[in-house]
Protein chains: 2
Amino acid sequence: MTDADTQRLILQTARRFFMESGYRAVSTRRIADACGLTQPALYHYFATKQDLYVAVMIDMLSGMQSVLDRIARRSETVQERLSRVALFLLEQSHEGMEMMLHDIVRELGTTARDALNQAFYRAMIQPVASIFAEGLAAGELITPAAGMEAVNLTFLLLNLLKYRPAENWKTDAASPAASEQRELLALHANTLVNLLLNGLRPR
Amino acid sequence: MTDADTQRLILQTARRFFMESGYRAVSTRRIADACGLTQPALYHYFATKQDLYVAVMIDMLSGMQSVLDRIARRSETVQERLSRVALFLLEQSHEGMEMMLHDIVRELGTTARDALNQAFYRAMIQPVASIFAEGLAAGELITPAAGMEAVNLTFLLLNLLKYRPAENWKTDAASPAASEQRELLALHANTLVNLLLNGLRPR
DNA sequence: GTCTATAACATGATAGAC
DNA sequence: GTCTATCATGTTATAGAC
């Protein structure tokens, strides 16, 4: 196996674990074991655990940016594009992503934090904010409070997407088939965007 | 200092740290130090670190339940009561609480998890859900999707409340005075509830 | 009720052979 | 490029004196 392949294997394995359990809860040994390596071998590819974490996040964010940019540029209504964004992010966050902000703020040094904050902003906030900005400019949407423009609406949408129906809280969790799951997610994405646009009060 | 006083000191100190940094990131030594005790002294009051964490959470949740129950029973409109709930939760989460669900799901054993989930449901979900249920029954609110009744709307509101304006992201953070801060929070609470009820589209 | 001392273990990281 | 061996440190928790 070549150097580059091993590096990718480490990145993907680490990504899965970090997303599942967070920075602190995942040891370098566990990552190495899952890759079929010993723990010191990791240090041939990444100087520190924090460097590995940053690399994982940058890798993930660059992938998300290309998808979100593409969605933002589609010739569809604001609502349609927001629903696509919501579905994509719901699918991603099944693989994690929720943990990210937590770790960025609480476990990383200031240098790594600033770098990741910037990458996060460019990859996730800006593309989605451009959709909101369009809606605001066209008068389709209103700013709900002073200063709550496109960027802040994006943050709000991201928080809204953390919501999962209460059924997921029960411990049994007889999960449906994957294909069915995806349809449910799409329905869920539409519901949340619809709620954000129209509110809970009857019109 | 009596036994009971020391126990309360430990609970309050541990609560602050757990809320700030999460279960895993806070060592028993750090808690003990901040209480002016040595680390083994903690074990006179709590058998394990996990027991301490559970006690902290139960303590916190019981305090929140009494406040939320009281708000739910006020003779005000649904919107007014939801705004009060939102303001209260925003103030609390400044002190933490956000970390809770993360740790409950990811760091605790199944027994502790089930106990805390149940306490969380009773203390936070049910009181707020009763307000939503009233609004739904009166026809003031609509269910945005099949199965998305009062309980699920409560989960949704809780996620909405995690949102903070983007200004908090900048590293400078010249924070305003405490009194001013509280007024800003009240404004913020009103905005979020208003948005949830009326949506982003002009009416 | 709190201490000192310490067990038992996991962690991130380094040294150096191959 | 990956290994074995190991260091230094931090962790939860226990034993036993006072």
Side-chain angles (χ1 to χ4, degrees), chain A residues 1-57 99 102-104 106-113 116, chain B residues 1-57 99 102-104 106-113 116:
Chain A
M1 189 180 289
T2 76
D3 208 33
D5 280 346
T6 307
Q7 179 144 8
R8 280 204 60 204
L9 175 62
I10 294 171
L11 277 174
Q12 287 171 355
T13 306
R15 169 170 166 175
R16 184 156 43 89
F17 288 160
F18 282 142
M19 293 301 163
E20 274 169 12
S21 313
Y23 179 75
R24 205 164 191 118
V26 178
S27 71
T28 53
R29 274 181 166 77
R30 191 171 154 217
I31 297 168
D33 283 354
C35 292
L37 295 170
T38 58
Q39 183 252 0
L42 288 192
Y43 287 77
H44 177 71
Y45 298 92
F46 303 95
T48 67
K49 184 188 179 186
Q50 216 175 103
D51 283 359
L52 170 57
Y53 185 79
V54 171
V56 164
M57 290 305 154
M99 195 81 65
H102 176 273
D103 287 332
I104 289 179
R106 290 185 160 83
E107 308 276 10
L108 268 47
T110 57
T111 326
R113 174 161 64 240
L116 283 187
Chain B
M1 189 180 291
T2 76
D3 208 35
D5 280 345
T6 308
Q7 179 144 10
R8 279 205 61 204
L9 175 62
I10 294 170
L11 278 175
Q12 286 171 356
T13 307
R15 169 169 163 176
R16 186 157 41 90
F17 288 161
F18 281 144
M19 293 302 162
E20 274 170 10
S21 314
Y23 179 76
R24 203 161 192 123
V26 178
S27 71
T28 54
R29 269 181 169 78
R30 192 171 154 216
I31 298 168
D33 284 354
C35 292
L37 295 170
T38 58
Q39 183 252 359
L42 288 191
Y43 287 78
H44 177 71
Y45 299 91
F46 303 95
T48 67
K49 183 187 180 185
Q50 216 174 102
D51 283 359
L52 170 58
Y53 185 79
V54 170
V56 164
M57 290 305 154
M99 195 80 65
H102 176 271
D103 287 333
I104 289 180
R106 291 186 159 83
E107 308 276 10
L108 267 48
T110 57
T111 326
R113 174 161 64 241
L116 283 187

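Order of the sequence lines sets the chain letters (A, B, ...), proteins ahead of strands, with each chain counted from 1.
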Worksheet item: Of the nucleotides C:dG1, C:dT2, D:dT2, which has the atom closest to the B:Ala41 side chain?
Response: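 In terms of side-chain proximity for B:Ala41, the closest of C:dG1, C:dT2, D:dT2 is C:dT2.
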Practice prompt. Any pair with a residue in residues 23-37 of chain A that passes side-chain hydrogen bond (donor to acceptor under 3.5 Å, both in side chains), sequence neighbours left out, goes on the list, sorted by first then second residue, please.
Written response: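 Counting only pairs at least two positions apart or across chains, the side-chain hydrogen bond (donor to acceptor under 3.5 Å, both in side chains) contacts touching residues 23-37 of chain A are A:Arg24-A:Glu107, A:Thr28-A:Gln39.
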Discussion item. Quick check on C:dC3: is either OP1 or OP2 less than 4.0 Å from any side-chain nitrogen or oxygen of B:Thr38?
Written reply: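 Yes, such a contact exists.
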Roughly, in whole Å, what's the span from [atom1] in [X] to [atom2] in [N]?
{"X": "A:Asp5", "N": "D:dT2", "atom1": "CG", "atom2": "P", "value": "11 Å"}
{"X": "A:Ile10", "N": "D:dT2", "atom1": "CD1", "atom2": "C1'", "value": "11 Å"}
{"X": "A:Glu107", "N": "C:dT11", "atom1": "CD", "atom2": "P", "value": "14 Å"}
{"X": "A:Ile31", "N": "C:dT11", "atom1": "CD1", "atom2": "P", "value": "11 Å"}
{"X": "A:His44", "N": "C:dT14", "atom1": "NE2", "atom2": "P", "value": "15 Å"}
{"X": "A:Tyr45", "N": "D:dG1", "atom1": "OH", "atom2": "P", "value": "6 Å"}
{"X": "A:Phe17", "N": "C:dG12", "atom1": "CZ", "atom2": "C1'", "value": "18 Å"}

Worksheet item: Got a sec, which residues hit ring pair (Phe, Tyr, Trp, His ring centres under 6.0 Å) with B:His102, two or more places apart in sequence or on another chain?
Response: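 Expected list: A:His102.
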Worksheet item: With sequence neighbours excluded, what pairs up with B:Ala47 under the side-chain contact (heavy atoms from CB on, under 4.5 Å) test?
Response: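 By the side-chain contact (heavy atoms from CB on, under 4.5 Å) rule, B:Ala47 matches B:Asp51.
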Fill in: Per-nucleotide protein contact string for nucleotides 7-14 of chain D (B base, S sugar-phosphate only, - none; heavy atom under 4.0 Å)
----BBBB
Worksheet entry | Counterpart residues, side chain to side chain donor-acceptor pair (under 3.5 Å), relative to B:Tyr45 (two or more places apart) |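 B:Tyr45: side chain to side chain donor-acceptor pair (under 3.5 Å) contacts with B:Asp3.
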Discussion item. According to salt bridge (Lys or Arg N to Asp or Glu O under 4.0 Å), does anything in residues 8-23 of chain A pair up with another residue at least two apart or in another chain? List the pairs.
Written reply: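 Counting only pairs at least two positions apart or across chains, the salt bridge (Lys or Arg N to Asp or Glu O under 4.0 Å) contacts touching residues 8-23 of chain A are A:Arg15-A:Glu95.
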Fill in: Closest heavy-atom pair and its distance - B:Leu9, B:Thr13
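Minimum heavy-atom separation between B:Leu9 and B:Thr13: O-OG1, 2.7 Å.
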